[in-house]
Amino acid sequence: MTGGASGIGAAIVARLLAEGYEVDSLDIVNGFDVSDPAAWEAVGPVDLACLNAGVITGEADLELLTVGQYRRALGVNVDGVVLGARRLAHVLEPGSVIVATASLAGLVGVPDDPIYALTKHAVVGFVRSVAPQFAERGIRIQAICPGWADTPLTDDAFKGELTARGFRLLRAEDIAEAVLVAARSEGTGEAWIVQPGREPINYAFKGVPGPR
Ligand code: NAD
């Protein structure tokens with residue numbers, strides 16, 4: 001479980017504990033940096049791995065985006081998932097499941113934070129693309145794609161603005177529920193949309209038209 005110290009991760013931890021799992025939370029606040037390849041070398045097998053740590057850049061304007069903001073978002077949101085999945089490919093037993101926390105920002109454009117959208121599209125594309133090789137070994141990998149939630153990821157001003165625009169914020173607990181739904185479904189390489197007041201939905205990707 002990465003990013004388990006706050007927000008959605010903390011809700012996933014609480015839910016998994018309530019379900020009887022033993023949970024190990026790997027978080028930067030406890031000294032585990034998901035973007036550090038060496039950190040993953042100590043990670044062993046689990047039944048359910050949640051690759052959840054993530055950050056926003058908080059910058060809508062590309063001209064103002066700093067290289068530090070850009071690299072941090074790619075490091076946590078993309079490297080953190082890829083390096084985690086790479087290690088898990090090495091250690092997981094058949095029957096295990098990986099759930100990566102992507103975002104609706106992995107399926108739609110996000111003018112408020114284009115780099116965040118870039119990283120979450122990467123997570124969705126990665127999960128869909130590595131699912132077949134995990135499937136050969138009896139391991140499933142799923143992505144969840146929640147809309148904006150009421151967590152410390154975004155500041156109160158942003159959340160207030162969203163609410164004023166008519167958005168309803170998700171509760172972290174609803175997303176924890178969606179993690180279990182995605183983990184327990186029989187599918188793999190799927191992207192589960194999570195929105196307020198709805199059951200999690202397995203997103204039906206439209207195929208490309210193909211040659212004429
Ligand atoms: P949060 O800020 O409350 O929690 C993120 C956690 O990740 C924190 O505990 C933080 O310490 C940890 N973290 C940050 N950098 C790390 C690193 N380098 N290594 C290890 N841990 C690190 O945010 P949240 O809202 O709980 O977000 C969790 C996930 O859900 C993220 O991937 C986020 O992109 C995604 N998500 C959030 C929302 C939302 O609106 N909050 C919506 C959709 C998806």
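Whatever order the structure lists ligands and atoms in, that order sets their numbers, starting from 1.
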Which donor-acceptor pairs under 3.5 Å do the side chains of residues 163-171 make with protein atoms, sequence neighbours left out?
residue: Thr163; atom: OG1; partner: Lys159; partner atom: O; Å: 2.7
residue: Arg165; atom: NH2; partner: Asp112; partner atom: OD2; Å: 3.3
residue: Arg165; atom: NH2; partner: Glu161; partner atom: OE2; Å: 3.0
residue: Arg171; atom: NE; partner: Asp174; partner atom: OD1; Å: 3.4
residue: Arg171; atom: NE; partner: Asp174; partner atom: OD2; Å: 3.4
residue: Arg171; atom: NH2; partner: Asp174; partner atom: OD1; Å: 2.8

Return all side-chain donor-acceptor pairs below 3.5 angstrom for residues 195-212, not counting sequence neighbours, or 'none' if the list is empty.
residue: Gln195; atom: OE1; partner: Arg198; partner atom: NH1; Å: 3.1
residue: Asn202; atom: ND2; partner: Glu190; partner atom: OE2; Å: 3.3

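Ring orientation note: the planes of Trp148 and Tyr116 are close to parallel, at an angle under 30° on the 30°/60° scale.
Residues forming a side-chain contact (heavy atoms from CB on, under 4.5 Å) with Val43 (at least two apart in sequence, or on another chain): Leu26, Phe32, Trp40, Arg87.
Around atom CZ of Phe158, more than 12 heavy atoms belonging to other residues, nucleotides or ligands sit under 6.0 Å away.
The two atoms that bring Thr2 and Ala53 nearest to each other are OG1-N, 2.9 Å, heavy atoms only.
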Extract all N/O-N/O pairs under 3.5 Å that connect ligand 1 to the protein, and present each with both atom names and the distance rounded to 0.1 Å.
residue: ligand 1; atom: 3 (O); partner: Ser6; partner atom: OG; Å: 2.6
residue: ligand 1; atom: 9 (O); partner: Ser6; partner atom: N; Å: 3.4
residue: ligand 1; atom: 9 (O); partner: Asp27; partner atom: OD1; Å: 3.4
residue: ligand 1; atom: 9 (O); partner: Asp27; partner atom: OD2; Å: 2.6
residue: ligand 1; atom: 11 (O); partner: Asp27; partner atom: OD1; Å: 2.6
residue: ligand 1; atom: 18 (N); partner: Asp33; partner atom: OD1; Å: 2.9
residue: ligand 1; atom: 19 (N); partner: Phe32; partner atom: O; Å: 3.3
residue: ligand 1; atom: 19 (N); partner: Val34; partner atom: N; Å: 3.0
residue: ligand 1; atom: 21 (N); partner: Ile28; partner atom: N; Å: 3.1
residue: ligand 1; atom: 25 (O); partner: Thr151; partner atom: OG1; Å: 2.5
residue: ligand 1; atom: 26 (O); partner: Ile8; partner atom: N; Å: 2.7
residue: ligand 1; atom: 32 (O); partner: Asn52; partner atom: O; Å: 2.8
residue: ligand 1; atom: 32 (O); partner: Lys120; partner atom: NZ; Å: 2.9
residue: ligand 1; atom: 34 (O); partner: Tyr116; partner atom: OH; Å: 2.6
residue: ligand 1; atom: 34 (O); partner: Lys120; partner atom: NZ; Å: 3.0
residue: ligand 1; atom: 36 (N); partner: Tyr116; partner atom: OH; Å: 3.4
residue: ligand 1; atom: 40 (O); partner: Ala149; partner atom: N; Å: 2.6
residue: ligand 1; atom: 41 (N); partner: Thr151; partner atom: OG1; Å: 3.0

